[in-house]
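What follows is one structure encoded as structure tokens, with my remarks underneath.
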Amino acid sequence: MIGNNGAGKTTTLMTISGVLRPRRGDIQFDGRRIEAHKPAEIVGLGLGHVPEGRQLFPTMTVEEKPAHGGVCRRAKERRAETMSRVFELFPRLCERRRQVAGTLSGGEQQMVAIGRGLMDSQASHAG
């Protein structure tokens, strides 16, 4: 999503992810209306939101941080499978799996943040 500061990008994404409620209209994902769902339910449907700013714990390793994201029951059950998928998408993270996140480049930190977002949304949506 592209736009000037104040154009509503963050508001739109927070509304889609259930943090804010729309004033009017509806939001559909995968053919289902989701505007009344709670954020955790939306993640459970397979729609994740990785906010700007990465928000990593700098002393956690690359391997620990995405795993920290898989908190719903189904995500916990599929953690190893989903982590393998994250490393497949981001081979650089697999190479650095034991490195602490605070020592990674900005781009690598963003990969870790995206991987964390995928841990719940992908595991919950699979199958």
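- Note that OG of S105 is 7.0 Å distant from CZ of R96, once rounded to the nearest 0.5 Å.
- To the nearest 0.5 Å, atoms CZ (R85) and CD (E88) are separated by 5.0 Å.
- Q109 places a side-chain N or O within donor-acceptor distance of the main-chain N or O of A101, the cut-off being under 3.5 Å.
- By the criterion of side-chain heavy atoms lying less than 4.5 angstrom apart, applied directly or through intervening Ile, Leu, Val, Met, Phe, Trp or Tyr residues, L118 is grouped together with F87 in one hydrophobic cluster.
- In this structure, R21 places its CZ atom where more than 12 heavy-atom neighbours from other residues, nucleotides or ligands lie under 6.0 Å away.
- L89 and V62 fall within the same hydrophobic cluster, defined by Ile, Leu, Val, Met, Phe, Trp and Tyr side-chain heavy atoms under 4.5 Å apart, directly or through other members.
- Closest approach of T12 to M1, counting heavy atoms only: CG2-CE, 3.8 Å.
- A continuous path of Ile, Leu, Val, Met, Phe, Trp and Tyr side chains, each step under 4.5 Å between heavy atoms, connects I16 with L45, placing both in one hydrophobic cluster.
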- Query: Going through the distances and angles, do T15 and T11 end up as a side-chain contact (heavy atoms from CB on, under 4.5 Å)?
  - Reply: CA-CA 6 Å; T15 304; T11 301; 4.1 Å; yes
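- Rounding to the nearest 0.5 angstrom, the gap separating the CD atom in E108 from the CD atom in Q99 is 7.0 Å.
- L47 places none of its side-chain heavy atoms less than 4.5 Å from the side chain of S17.
- A pairwise comparison of heavy atoms in G18 and P39 identifies O-CG, 3.5 Å as the closest pair.
- By the neighbour-count criterion of 12 heavy atoms within 6.0 Å, atom CG of D26 is densely surrounded, having more than that number from other residues, nucleotides or ligands.
- No more than 12 heavy atoms of other residues, nucleotides or ligands sit less than 6.0 Å from atom NZ of K38.
- In this structure, E35 pairs ionically with R33, as a charged nitrogen and a carboxylate oxygen lie closer than 4.0 Å.
- Side-chain N or O atoms of K9 include one that pairs as donor or acceptor with a backbone N or O of G3 at under 3.5 Å.
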- Task: For side-chain contact (heavy atoms from CB on, under 4.5 Å), just list the numbers for Q28 and I34, CA-CA rounded to whole Å, side-chain angles, deciding distance to a tenth of an Å, and then say yes or no.
- Result: CA-CA 6 Å; Q28 293 192 21; I34 63 168; over 6 Å; no
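- Linking ILVMFWY residues whenever their side-chain heavy atoms come closer than 4.5 Å, directly or via other members, places V86 and I114 in the same cluster.
- Note that CD1 of I42 is 7.0 Å distant from NE2 of H37, once rounded to the nearest 0.5 Å.
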